[in-house]
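Notes follow once the structure below has been shown.
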2 protein chains.
Amino acid sequence: MNLRQQKTMETKRKILTTAIKLFNEKGFSHVTVDEIIEKTSTSKGAFYNHFKSKHDIFLEKFKEIDHFYVNEILPKLKPLKTAEAKLKYFLYLEMEYIEKDLGWDVTRTIYEQELNTERESFFLDENRPLYHILKKIFEEGQKNGEFRQDLTSERLVVMLSRVIRGFLYDWSIKKGSFSLVDEHIELFNIVIEGLMKR
Amino acid sequence: MNLRQQKTMETKRKILTTAIKLFNEKGFSHVTVDEIIEKTSTSKGAFYNHFKSKHDIFLEKFKEIDHFYVNEILPKLKPLKTAEAKLKYFLYLEMEYIEKDLGWDVTRTIYEQELNTERESFFLDENRPLYHILKKIFEEGQKNGEFRQDLTSERLVVMLSRVIRGFLYDWSIKKGSFSLVDEHIELFNIVIEGLMKR
DNA sequence: AAATATAATAGACTATAGTCTCTGAGATTA
DNA sequence: TAATCTCAGAGACTATAGTCTATTATATTT
C-alpha cells in the first residue's frame, strides 16, 4: 500500500469512527454531514467519495450483525440437539445482540433506510448469513419431523423473517420501550408452534 | 360559515386533492411541496398553515382506513359464527383494501413516517378501530374457548399487530411485488394456529 | 527528471422540506 | 361607516443532504 492509499484509508477511517461516535452520542438524525466533516477536518468531497450517503455509514456498522451471526451465534448452536432448541436459542441471541449492542436508534435507522426506494436494500439480499442459518435449522427440523413439511424451508424462512421484522419494527417505533429479550419468547413461541408438526 | 372560512376550506381542499392526485401519479417522494403549491397557485404559508408536513397529507388519506374498518368490514363480520372465521375474514378484507385501494407506495410512506421520531405516531394510538375490532374478536374467541386464555386479549392484539406490520413492511420494501391477498393466508394461518387453544 | 495521468479532496452549488415574518382581505367593534 | 383586529396566505429565508467541477498531491510513464 503506497502513501496515497494510506492517506485515503486514514480519511475514510477518521470519518467512519467520528460519525459513529457522534451517532451514538446524539442519535442519527441529530448529526449533520457538515458536523462530521467539520469535526474530521475533511470535506463534502471526501465524505461522499467514501460513502454513498449518510445512511450508508450506518449500514457499515449494521453489517457487523452478520459477522455476529456467523462468529458468535453459529458455534453456540452446534451442541444443541433439536432444531427447535437451536431456533429458539438463535432468536434469543439475536434479540440480545440487537437490544444490547445495536440499540433501538440504530435499528430504527436501518428500518427507515430499507423503506427508501432509491437505495439498495440490505434485507433483500438473499445471501445474508441470517437466512442461511435459519434455512439450515428449518431443513434439519423438517428432516427429523419437528417442523411441518407442507411448506419449503425457504417459505418458513420468509414467514419467520416477516415476524422478526414486525417485532423489531414495533420496537423501533416504540423507541425501545420494551425489552426484546423479555418479550420475544411470547411472540416467537406462538409462531414456532404454528410452524411445528402436530 | 362566512366568506373567509369558505376560502380557507377551499384552499385546504385544493391542496389536499391536488397533492393526493400527484402522489398517485408520481409517487410520494417524486412530488415536491413547491410543485403542489405551484399547481394550486398557493404558497408555502398556505400549505404549512393547513398541514404539519408533506407526510401529514398522507396521513389524512390513510386515516380513511379506519373508516373502512368500521363502515365496510365490521358489518360483514356480524353474521359469521366463530371468532376464527371473523378474524380470518377481517384479515382478508384488510389485505384486499390495502393492496387494491391504498397501494404499496402509500403503505411504504406511512411505514416510513411512523419511524420518524419527530412526528406523532398513528400506529401507537390505542384507540384505533383496528385494535378495538381485533380485541373484540379475541375476547369472543377466548370466551367460547377457541383462542388460548393464558394471554390477555390485549396481548393477543399486540402479537397479531406485530405480525401484520411485519407482513406489510415486507410488502413495502419489496415494492408490492407479491400479492397480499394471495400470500396473507400462509402467514396468518401459522400465527392463528399458534393463538388457538389445543 | 520531466511530462503526463489519476484520483482524492475542497468547497461552491443545487434541491427541497420546513420556518419566519409581514401584509392585506375580510371580520368585528364602536 | 370608520377604526381596529385577526388570521390565512405570500414569499423570503434557513437547514441540510447530496452533486458537480476544479485543484493538487501523488503515482506512472517516457
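First the proteins, then the strands, lettered A, B, ... as listed; each starts at 1.
- The CD-C1' distance, from Gln5(A) to dA25(D), rounds to 14 Å in whole Å.
- One atom, CD1 of Ile57(A), and another, C1' of dG18(D), lie 14 Å apart when rounded to the nearest Å.
- Here the nucleotide nearest the side chain of Asn49(B), chosen from dG18(C), dG9(D), dA25(D), is dG9(D).
- The distance from atom OH of Tyr48(B) to atom P of dT14(D) is 17 Å, rounded to the nearest whole Å.
- Note: CE (Met9(B)) to P (dC7(D)) measures 18 Å, nearest angstrom.
- Comparing Leu3(B) and Val31(B) against DNA chain C, the residue whose closest nucleotide sits nearer the 5' end is Val31(B).
- For the pair Thr32(A) and Gly45(A), nearest-nucleotide mapping onto DNA chain D gives the more 5' position to Thr32(A).
- Straight-line distance from the CD1 atom of Ile37(B) to the C1' atom of dA8(D): 15 Å, rounded to whole Å.
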| field | Pair Glu72(A)-Tyr97(A), side chain to side chain donor-acceptor pair (under 3.5 Å): steps then yes or no | value | CA-CA 10 Å; Glu72(A) 302 290 323; Tyr97(A) 175 73; over 6 Å; no
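- Ion pairing between a basic and an acidic side chain is recognised when a charged N comes within 4.0 Å of a carboxylate O; Glu140(A) and Lys135(A) show no such pairing.
- Proximity of Ser43(A) to the phosphate of dT9(C): no side-chain N or O atom is located under 4.0 Å from OP1 or OP2.
- The side chain of Thr11(B) places an N or O atom within less than 4.0 Å of a non-bridging phosphate oxygen (OP1 or OP2) of dG9(D).
- When the side-chain nitrogen and oxygen atoms of His55(B) are compared with OP1 and OP2 of dA17(C), none of them lie within a distance under 4.0 Å.
- Of the candidates dT16(D), dA17(C), dA27(C), the closest approach to any side-chain atom of Asn2(B) belongs to dA27(C).
- For dA7(C), its base sits under 3.5 Å from the side chain of Arg4(A) at one donor and acceptor pair at least.
- For the pair Asp105(A) and Lys175(A), the salt-bridge criterion is not met [side-chain N within less than 4.0 Å of a carboxylate O].
- For Gln142(A) (side chain) and Leu151(A) (main-chain N/O), a donor-acceptor pair under 3.5 Å exists by modelled atom type.
- Judged by the 6.0 Å and 45° rule, Arg128(A) forms a cation-pi pair with Tyr131(A).
- On a pure distance criterion of 3.5 Å, a polar donor-acceptor pair joins the side chain of Lys44(A) and the base of dG18(D).
- Going from atom CD of Glu10(B) over to atom P of dG26(C) covers 14 Å, rounded to whole Å.
- One can place CG of Asp56(A) at 12 Å from P of dT19(D), the figure rounded to the nearest angstrom.
- Here the C1' atom of nucleotide dT9(C) and the CZ atom of Arg13(A) are 18 Å apart, to the nearest Å.
- Across the interface with DNA chain C, nearest-nucleotide mapping of Asp34(B) and Ala46(A) shows Ala46(A) to be the residue nearer the 5′ end.
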